[in-house]
**Student:** 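Here it is, the structure in full.
The sequence lines fix the lettering, A, B, ..., with proteins before strands; numbering per chain opens at 1.
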2 protein chains.
Amino acid sequence: MDPIGFEQHDHSTCIADGVARVAEYCKREGLQFTPVRKRVLEILLHQHRSMGAYEILDILRAEGLGSQPPVAYRALDFLVKNGFAHKIERLNAFTACTHPGENHTPAFLICRKCNSVAEAFSEPDKGRLAKTAHDLGFRIERVVVEAEGICPNCTEAPA
Amino acid sequence: MDPIGFEQHDHSTCIADGVARVAEYCKREGLQFTPVRKRVLEILLHQHRSMGAYEILDILRAEGLGSQPPVAYRALDFLVKNGFAHKIERLNAFTACTHPGENHTPAFLICRKCNSVAEAFSEPDKGRLAKTAHDLGFRIERVVVEAEGICPNCTEAPA
DNA sequence: TTGATAAACGTCATATCATAACATATCAAT
DNA sequence: ATTGATATGTTATGATATGACGTTTATCAA
């Protein structure tokens with residue numbers, strides 16, 4: 001049991017399930033779920049935190065799956081574009097999506113102590129921002145919501 | 001009259017007023033509003049869009065105010081830390097705060113066509129994200145909200 | 001006013017994040 | 001098998017950001 005989304009969680013089937021779901025989705029949609037792409041997704045699923053592209057690249061390199069930055073970035077682009085992973089802008093890092101296939105606007109809770117990342121939902125159509133945008137005539141296409149703070153595990157064990 | 005926050009607006013006094021307000025605030029708080037810091041704020045206020053650190057540095061360099069990256073980054077750090085400017089994470093760029101001195105959680109509306117940036121308010125204490133964080137026991141300290149889309153000026157004149 | 005301390009600056013070097021460009025290989029559909 | 005699209009390998013470079021260290025400037029107490 002590893003802490004996931006700040007809760008204890010059966011992680012053992014988590015990676016396999018995540019990969020399987022994405023594999024199935026790709027098959028349905030005619031997307032190529034190539035070895036590098038699959039491996040990068042596995043790497044991200046393995047950690048419930050965000051990882052930098054070069055950190056992922058180091059792992060790929062050790063496994064002989066690619067040694068140059070574009071290899072990692074291209075795989076990450078694929079995963080992000082299709083909603084299997086997200087980029088955390090605040091950290092210039094990436095994390096596996098916990099709701100692949102579902103259409104959603106993710107919001108992230110980032111612990112500044114342990115760097116774990118939990119994915120929550122935001123509702124960009126509601127609230128003050130939506131109203132402001134509507135009033136101004138601004139058409140929102142995409143919203144980044146990233147909350148930084150202290151996760152429950154780190155609150156309990158302060159430095 | 002320049003478009004500001006997507007609206008026509010008297011920009012002429014805007015820079016002077018912004019600088020004056022910050023200068024006064026700094027005096028009150030005992031902060032050093034040095035020439036470089038003041039100039040960087042002016043540069044940011046001059047544009048109602050975000051600017052990269054190196055873009056700002058180029059201007060400083062041309063004016064003999066500093067030629068190395070740390071000069072720009074240190075001034076920007078000062079402005080951001082004190083709430084006179086904000087970093088747009090999505091763009092790795094900076095923009096002058098339109099409500100300096102007021103305690104607020106900014107939300108940004110970023111036009112992907114003309115790169116203008118409008119600062120709005122978000123209400124991180126309300127809405128679904130706040131509820132999720134509370135339920136999980138996550139203590140939010142800071143929230144980044146950045147909406148990307150098309151501003152009214154660019155909607156009217158599509159490419 | 002001066003001396004001590006902290007804050008800011010100038011500079012060099014380097015770390016970190018990201019992509020352009022182009023050649024080669026693989027896949028998918030005829 | 002051919003062809004066009006997609007993916008990969010590789011080189012090179014661009015863009016963003018910070019560590020470290022010595023010098024200068026500001027602040028403030030004595």
**Student:** Please report the distance, rounded to the nearest Å, between CG in B:Leu91 and C1' in C:dC17.
**Tutor:** 15 Å
**Student:** Determine, for A:Glu55 against A:Arg49, whether the closest basic-nitrogen to carboxylate-oxygen distance falls under 4.0 angstrom.
**Tutor:** yes
**Student:** Tell me: CG of B:Asn82 to C1' of C:dA7, nearest whole Å?
**Tutor:** 13 Å
**Student:** Give a yes or no on this: more than 12 heavy atoms of other residues, nucleotides or ligands lie within 6.0 Å of atom NE2 of A:His99.
**Tutor:** yes
**Student:** Using atom CE of B:Met51 as one end and atom P of D:dA15 as the other, report the distance to the nearest whole Å.
**Tutor:** 15 Å
**Student:** Please work out whether the ring planes of A:Tyr73 and A:Phe94 are parallel, tilted or perpendicular, with thresholds of 30° and 60°.
**Tutor:** perpendicular
**Student:** When the axes are fitted on five pairs at both termini, how much does the helix from C:dT1-D:dA30 to C:dT30-D:dA1 curve, in 10° steps?
**Tutor:** 40°
**Student:** Just how far, in rounded Å, is P of D:dA7 from CG of A:Leu79?
**Tutor:** 12 Å
**Student:** Could you write out each protein N or O paired with an N or O of nucleotides 26-30 of chain D at a distance under 3.5 Å?
**Tutor:**
none

**Student:** Using a cut-off of strictly less than 4.0 Å, decide whether B:Tyr73 has a side-chain nitrogen or oxygen near OP1 or OP2 of D:dA17.
**Tutor:** yes
**Student:** Mind checking what makes side chain to side chain contact (heavy atoms under 4.5 Å, CB included) contact with A:Arg21, not counting sequence neighbours?
**Tutor:** A:Pro100
**Student:** Provide, to the nearest angstrom, the distance between the CG atom belonging to B:Asn92 and the P atom belonging to D:dG14.
**Tutor:** 18 Å
**Student:** Measuring from B:Leu41:CG to B:Ile15:CD1, what's the distance to the nearest 0.5 Å?
**Tutor:** 9.5 Å
**Student:** Side-chain heavy atoms under 4.5 angstrom apart, residues restricted to Ile, Leu, Val, Met, Phe, Trp, Tyr: same cluster for A:Leu45 and A:Ile56?
**Tutor:** yes
**Student:** What about B:Leu44 and B:Val19, same hydrophobic cluster or not, with Ile/Leu/Val/Met/Phe/Trp/Tyr joined at side-chain heavy-atom distances under 4.5 Å?
**Tutor:** yes
**Student:** When only distance counts, do a donor and an acceptor, one from the side chain of A:Tyr54 and one from the base of C:dA15, lie under 3.5 Å apart?
**Tutor:** no
**Student:** Could you tell me how far apart A:Arg90 (CZ) and C:dC17 (P) are, to the nearest whole angstrom?
**Tutor:** 13 Å
**Student:** Nearest whole Å is fine: how far is C:dA7 C1' from B:Asp77 CG?
**Tutor:** 14 Å
**Student:** Quick check on the hydrophobic clustering: are A:Val40 and A:Val71 connected, directly or via other members, by side-chain heavy-atom contacts under 4.5 Å?
**Tutor:** yes
**Student:** Measuring to OP1 and OP2 of C:dA18, would you say a side-chain N or O of A:Lys87 lies under 4.0 angstrom away?
**Tutor:** yes
**Student:** Tell me, please, which residues at least two apart from B:Asn115 pass side chain to side chain contact (heavy atoms under 4.5 Å, CB included).
**Tutor:** none
**Student:** One pair to check against salt bridge (Lys or Arg N to Asp or Glu O under 4.0 Å): A:Arg139 and A:Glu141. What are the steps and the verdict?
**Tutor:** CA-CA 6 Å; A:Arg139 191 172 75 242; A:Glu141 295 172 342; 3.8 Å; yes
**Student:** Scan nucleotides 8-10 of chain D against the protein and return all N/O pairs shorter than 3.5 Å with their distances rounded to 0.1 Å.
**Tutor:**
| unit_1 | atom_1 | unit_2 | atom_2 | d |
| --- | --- | --- | --- | --- |
| D:dT8 | OP1 | A:Thr34 | OG1 | 2.8 |
| D:dG9 | N7 | A:Arg74 | NH2 | 2.6 |
| D:dG9 | O6 | A:Arg74 | NH1 | 3.2 |

**Student:** Please report, rounded to the nearest Å, how far the C1' atom of D:dA15 is from the CD atom of B:Glu55.
**Tutor:** 13 Å
**Student:** List the atom pairs, with distances to 0.1 Å, where a side-chain N or O of residues 80-87 of chain A and a protein N or O form a donor-acceptor pair under 3.5 Å, not counting sequence neighbours.
**Tutor:**
| unit_1 | atom_1 | unit_2 | atom_2 | d |
| --- | --- | --- | --- | --- |
| A:Asn82 | ND2 | A:Phe78 | O | 2.9 |
| A:His86 | NE2 | A:His104 | NE2 | 3.3 |
| A:His86 | NE2 | A:Glu119 | OE2 | 3.2 |

